[in-house]
Amino acid sequence: MAYEMVHEKIVGRFAPSPSGPLHFGSLACALASYLDVKVRQGQWLVRMEDLDPPREIKGASQHILNQLEAHGLHWDGEVLYQSHRLEAYAAAVSFLKDNQLAYHCQCNRKRVAELDGVYDNRCRNLGLDGQKNATRLALREQLGNISFDDQVMGHVKQNVHLTVGDFIIQRRDELFSYQLAVTIDDAFQKVTRVMRGSDLLDSTPRQIYLQQCFGYHQPSYAHVPIAVTSDGQKLSKQNLAAGLPAGNESSNLCSALNWLQQSPPKSLSSLSATEIIAWATQNWDQSKLPAHLTAPAPKGF
Ligand code: GLU
């Protein structure tokens, strides 16, 4: 497939959370986002989303980076660690509060769960302070309808008011939310293309909403299926999906290319990871990506 040359600098990223080693699904995502920018001579960045210390597994960041390199997925520039970016997130929260776009909230998770996860904005006008309280974004009435054209899944529409309501940007334990940090960092790193797993499709409207609050440029989005087990569960670090077998990089890559429906020839598996990546970059065809939210992982993963 021919990709037209564009003059905008293309920047993509892979943003793993260090809660365990890469599994098949995360390798497939990393590979897809790498190829998506490399066919357009873009830059591929890696950002370590190490914002949640209790969920972090010691040594996982380095392990993930080693796995990426072993699979020939070399990133451009330095790895950005979200744990080094707390000042930027704090400044963003202050900006929102100063502009009356955020407020403190004392509701606990149980209460919000009883509301089926859609917050009723109860604390919005209580004028609570920050002591032991979370911070929520105050969604503006007229702006909650978000739509965008996903490059794989097609047109997506979500009313953020009806789906989540005012959402958390900083937790009561002071940890910044994924939605806030990812928005700030995609802008900070000048990311123009986000290709990631479909489990984040639902989060994208919140991120677009936040981009609008800060006046940021909106990257283009492409969500690829997530790999699931035979009983339909997402392969994830939480359900202890097997880490990728070391020493099997070529075969892991071929399985991932096959799973991404790129039709790798059988002979490819005898090549090195670097050679496979070179083949894949030349032959990448985004239009072959299935527009499904999930797809079963191949046997053995
Ligand atoms: N850190 C997130 C995860 O591992 C991905 C974030 C993103 O790609 O936006 O699920």
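Both ligands and their constituent atoms are indexed starting at 1 by order of listing.
- Considering backbone and side-chain N/O of Ala15, one or more are found under 3.5 Å from N/O of ligand 1.
- Classified by interplanar angle (parallel below 30°, tilted 30° to 60°, perpendicular above 60°), the ring pair His84/Tyr81 is tilted.
- Follow the hydrophobic side-chain contacts under 4.5 Å out from Trp284 and you reach Ile10 in the same cluster.
- Heavy-atom proximity to Arg196, at under 4.0 Å, picks out these atoms of ligand 1: 7 (C), 8 (O), 9 (O).
- Per-residue contacts place Leu200 under 4.0 angstrom from the following atoms of ligand 1 (heavy atoms of the residue considered): 5 (C), 6 (C), 7 (C), 8 (O), 9 (O).
- Heavy atoms of Gln207 come nearer than 4.0 angstrom to ligand 1 in no pair at all.
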Identify every side-chain donor-acceptor pair in residues 85-97 under 3.5 Å, counting partners at least two apart or on other chains, and give the distances.
from: Arg85; atom 1: NE; to: Asp185; atom 2: OD1; distance (Å): 2.8
from: Arg85; atom 1: NH2; to: Asp185; atom 2: OD1; distance (Å): 2.9
from: Tyr89; atom 1: OH; to: Asp185; atom 2: OD2; distance (Å): 2.5
from: Ser94; atom 1: OG; to: Ala90; atom 2: O; distance (Å): 3.1
from: Lys97; atom 1: NZ; to: His104; atom 2: NE2; distance (Å): 3.4

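- Close contacts between ligand 1 and Arg13 involve ligand atoms 7 (C), 8 (O), 9 (O) [criterion: under 4.0 Å to a heavy atom].
- Separation of the Phe24 and Trp259 ring centroids falls under the 6.0 Å cut-off.
- Atoms of ligand 1 found under 4.0 Å from any heavy atom of Ser17, numbered from 1 in the order shown, are 1 (N), 2 (C), 3 (C), 4 (O).
- Taking 4.5 Å as the limit, some side-chain heavy atom of Tyr178 sits within range of a side-chain heavy atom of Gln207.
- A cation-pi arrangement, defined by a distance under 6.0 Å to the six-membered ring centre and an angle within 45 degrees of its axis, is present between Arg136 and Tyr119.
- Shown in contact with Val182 at under 4.0 Å from a heavy atom are these atoms of ligand 1, numbered in order with element: 9 (O).
- Residue Tyr178 has at least one heavy-atom neighbour below 4.0 Å for each of these atoms of ligand 1: 6 (C), 7 (C), 9 (O).
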Tabulate below the donor-acceptor pairs under 3.5 Å that side-chain atoms of residues 140-148 make, not counting sequence neighbours, or state none.
from: Asn145; atom 1: OD1; to: Asn159; atom 2: ND2; distance (Å): 3.4

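- Not one N or O of Asp199 is nearer than 3.5 Å to an N or O of ligand 1, by distance alone.
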